[in-house]
Amino acid sequence: FIYNYMKVGIIGSGGREHALCHALHRSKEIKEIYCFPGNAGTTKLAKNIKIDFNDFEKLKEFVINEKIDLILVGPEKPLVDGIVDFFEKSKIKIFGPNKIASQLEGSKIFTKKICEKYKIPTAKFGIFQSIEKANLFLNQNTFPIVVKADGLAAGKGVYICENKIEAENSIKEIFGGKFGLAKNILIEEFLEGEEMSYFIVSDGKTIKNFQTAQDHKRVLEGDKGKNTGGMGAYSPSRLINEDLEKKIMNKIILPTIKGLSDIGCKYKGFLYAGLMIVKNEPYLIEYNVRMGDPECQTILPKLKSDLLEIVIACCSENLSNIEINWFDKKSLCIVLCSRGYPDEYKKNVLINNIDRIELKENEYCYHAGTQKNENKIFSTGGRVLNFVCLSNNFKDCREKIINSIKSLDWKNGFFRKDIGYKVINE
Ligand code: AMP
Ligand code: GLY
C-alpha cells in the first residue's frame with residue numbers, strides 16, 4: 001500500500017458515521033476524509049461538507065472536483081434510493097449494496113418472498129392488498145400479532161398488536177398513508193424469544209462475520225416505554241455460540257445471498273440481520289442494508305484490522321484474500337440523549353463541559369446530533385453523544401462510561417443506566 005493517498009467520503013451525520021470516520025482515520029492509507037454532512041465530532045478528523053446527501057448530482061459534482069477516491073454510505077435511505085448504482089455508473093468507487101440488494105431493507109415483502117422461496121426461518125406471514133382482506137385474516141389468528149408497513153418507515157412502521165382493535169387501527173393507519181402510499185401490508189406471527197443483531201460484510205463473493213450485538217431500543221430502564229433509534233448496545237451478544245452461528249449462516253445469510261444472486265444481484269457492503277433467537281434457533285425478523293446505530297459505534301472499536309483495507313477489498317471483490325481481526329474484548333455503548341427524546345426536545349443546547357470528558361485507553365465518545373458553532377458544541381438531535389468502552393467485562397465498561405457521563409454533567413441530557421443488564425450481574 002501507498003501511505004496517505006486516499007480521499008474518502010462518508011455519507012451521514014450520526015454516531016455511526018463518526019465511528020466510521022474514526023476507524024478510517026486510523027488507516028495509514030487515508031489522506032483526507034469528507035463527511036456529508038458529518039457532525040461536531042467529525043470536524044476533528046474530517047472536512048464537513050454541507051451537501052444534502054439526497055442530492056446525488058450535487059454530491060457527484062463535489063466528489064469529482066475534489067477527486068474523492070471512495071465513498072462509504074452510513075444510512076439506508078440513499079442506498080434504497082440507488083446511490084450506489086448512481087455513482088457506479090460514473091465509475092466512482094462506492095461501498096454499499098445497490099438498489100435491488102437494498103430492497104432487503106427497503107421492502108419487507110421483498111425479503112419475506114425470498115424467505116418463502118429459500119425456506120429461510122422467519123415469522124409466518126400473510127400479505128394483503130386491502131383493509132378488508134387484512135381484517136378478515138385477523139379473525140383466523142391469535143394475538144399478539146405484528147402488523148408492518150412494507151417500505152422504509154424510520155423504524156416506526158411496525159405495530160405489535162395485543163388485540164383485534166389495535167390491529168385494525170394499525171391496518172387503517174398504514175393503508176391511510178402514514179408511511180407513504182401503501183399497496184400492501186404485512187401481517188405476521190409474533191415470535192417470542194430474545195433479539196440479537198448479526199453483522200456480515202461482503203464483496204459479492206465472500207462473506208465475513210462482522211460481529212454480533214444486542215441493542216436496547218426502548219427509552220426507559222428495564223426496556224420499557226417508547227421505541228427509539230437505540231439507547232445503547234453491547235457486543236458480543238450473550239446468545240452467540242458456534243452452533244447458532246452456523247445456523248445463522250447456513251439457514252439465513254447464505255440462502256439470502258443465493259436468492260439475490262438468482263435474480264442477478266450481488267451483495268456488496270455491510271448487512272445487518274435482526275434475528276429472534278428461540279431456543280438456540282434463529283428466525284429472521286428484518287434485514288438492514290447498513291451497520292446499526294449504535295451497534296456500529298459498539299463494534300468498530302473492537303476492530304483490530306484496517307477498516308479501509310476491508311472496504312477496498314470489498315470494492316475490488318478481494319475480501320477472500322484478507323483477514324479481519326478483532327480485539328478479544330467486551331464492548332458497551334451508552335447513548336446520551338436530549339431530555340424529552342423520543343418526543344419533543346430542545347435543540348441547539350450548549351454542551352458546555354465537553355472538554356471535561358477525559359477519555360482513557362479503550363474509551364471513546366462518538367458524536368451524533370451535535371453541531372459546532374464558533375468553537376462551541378451544541379446539541380441538534382435526540383441522540384447526542386455515544387460513550388463506548390472496551391474492557392474484559394461488561395460491568396467495568398458500564399461503570400467507566402457512567403463516570404464519563406457524570407463528569408460531563410450535561411443538564412439537558414439523560415441516559416439509561418441499565419444498558420447491558422442481561423450480561424451484567426449486579
Ligand atoms: P423491525 O422494524 O421489523 O425490526 O421491527 C421492530 C421491532 O419489532 C423488532 O426489533 C422487534 O422487537 C419487533 N418485532 C418485529 N417483528 C416481530 C415478530 N414477528 N415477533 C416479535 N417481535 C417482532
Ligand atoms: N439500532 C438499530 C438500527 O440501527 O436499526
Side-chain angles (χ1 to χ4, degrees), residues 12-19 39 41 74-77 105 108 146-149 151-161 170 173 178-179 194-197 199 213-235 237 272 274-276 285-288 290-299 331-349 351 365-371 379-388 397-398 401-402 405 408 410-424:
S13 63
R16 168 181 52 210
E17 288 75 23
H18 187 194
N39 56 40
E76 63 279 9
K77 177 145 191 315
E105 179 165 0
K108 291 183 191 294
V146 189
V147 179
K148 298 185 176 184
L152 285 187
K156 295 192 179 80
V158 174
Y159 296 78
I160 314 270
C161 307
S170 55
E173 280 192 16
K178 191 165 179 190
F179 308 101
E194 192 168 326
E195 280 182 70
M196 174 186 132
S197 306
F199 298 89
Q214 274 177 267
D215 73 343
H216 294 267
K217 287 204 178 82
R218 305 294 197 93
V219 69
L220 301 176
E221 284 171 16
D223 293 327
K224 301 214 163 64
K226 287 194 174 166
N227 252 326
T228 70
M231 300 296 292
Y234 56 93
S235 173
S237 158
Y272 160 177
L275 306 171
M276 188 69 84
I285 292 185
E286 61 157 0
Y287 274 124
N288 297 304
R290 50 174 174 82
M291 279 304 285
D293 183 338
E295 292 89 336
C296 185
Q297 299 86 301
T298 316
I299 288 173
S331 178
L332 190 126
C333 170
I334 300 181
V335 183
L336 181 65
C337 300
S338 298
R339 268 183 207 287
Y341 175 78
D343 296 319
E344 290 289 299
Y345 55 83
K346 276 194 233 159
K347 285 187 182 173
N348 297 310
V349 181
I351 311 174
C365 177
Y366 297 117
H367 289 227
T370 66
Q371 215 164 43
S379 63
T380 53
R383 293 193 292 170
V384 180
L385 295 171
N386 305 264
F387 290 82
V388 182
C397 297
R398 192 168 74 183
I401 291 172
I402 290 177
I405 298 180
L408 174 68
W410 185 47
K411 298 285 185 284
N412 191 48
F414 80 96
F415 64 100
R416 273 183 61 172
K417 293 175 202 69
D418 70 337
I419 299 300
Y421 67 84
K422 285 181 181 160
V423 285
I424 298 173

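All values below were derived from every heavy atom in this structure, side-chain atoms included, with hydrogens, water molecules and symmetry-related copies excluded.
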Does [X] use its side chain to pair, donor to acceptor, with the backbone of [Y] at less than 3.5 Å?
X    : Y    : value
R398 : I419 : yes
R339 : G413 : yes
Q297 : V388 : no
D215 : A233 : no
S338 : G381 : yes
R416 : R218 : yes
R16  : M291 : yes
Y366 : N386 : no
S379 : K347 : no

Tell me whether the rings of H18 and H367 are parallel (<30°), tilted (30 to 60°) or perpendicular (>60°). perpendicular
Please work out which of the three classes, parallel, tilted or perpendicular, describes the rings of Y159 and F179, given edges at 30° and 60°. perpendicular
Do you know which two heavy atoms are closest between [X] and [Y], and how far apart they sit?
X    : Y    : answer
V219 : P342 : CG2-CD, 3.7 Å
G232 : V335 : N-CG2, 3.9 Å
D418 : G222 : OD2-N, 2.7 Å
S235 : I299 : OG-CG1, 3.8 Å
F199 : A213 : CE1-CB, 4.2 Å
W410 : I351 : NE1-CA, 3.7 Å

Quick one: [atom1] on [X] to [atom2] on [Y], what's the gap to the nearest 0.5 Å?
X    : Y    : atom1 : atom2 : result
E76  : D293 : CD    : CG    : 9.5 Å
I285 : M276 : CD1   : CE    : 3.5 Å
E295 : Y272 : CD    : OH    : 4.0 Å
Y421 : H216 : OH    : NE2   : 6.5 Å
T380 : N348 : OG1   : CG    : 7.0 Å
L336 : R383 : CG    : CZ    : 12.0 Å

Quick one: does [X]'s side chain get under 4.5 Å of [Y]'s, heavy atoms only?
X    : Y    : answer
Q371 : N39  : no
Y341 : K226 : no
Y287 : K108 : no

Less than 4.0 Å between a side-chain N and a carboxylate O, is that true for K217 and D223? no
Would E105 and R290 count as a salt bridge (charged side-chain N to carboxylate O under 4.0 Å, His left out) if you check the C-alpha gap in whole Å, the side-chain angles of each, and the deciding distance to 0.1 Å? CA-CA 9 Å; E105 179 165 0; R290 50 174 174 82; 3.3 Å; yes
How about Q214 and S237: does a side-chain donor come under 3.5 Å of a side-chain acceptor? yes
In sequence, state the C-alpha distance, the side-chain angles, and the governing distance for F387 and L385, and then conclude on side-chain contact (heavy atoms from CB on, under 4.5 Å). CA-CA 6 Å; F387 290 82; L385 295 171; 3.8 Å; yes
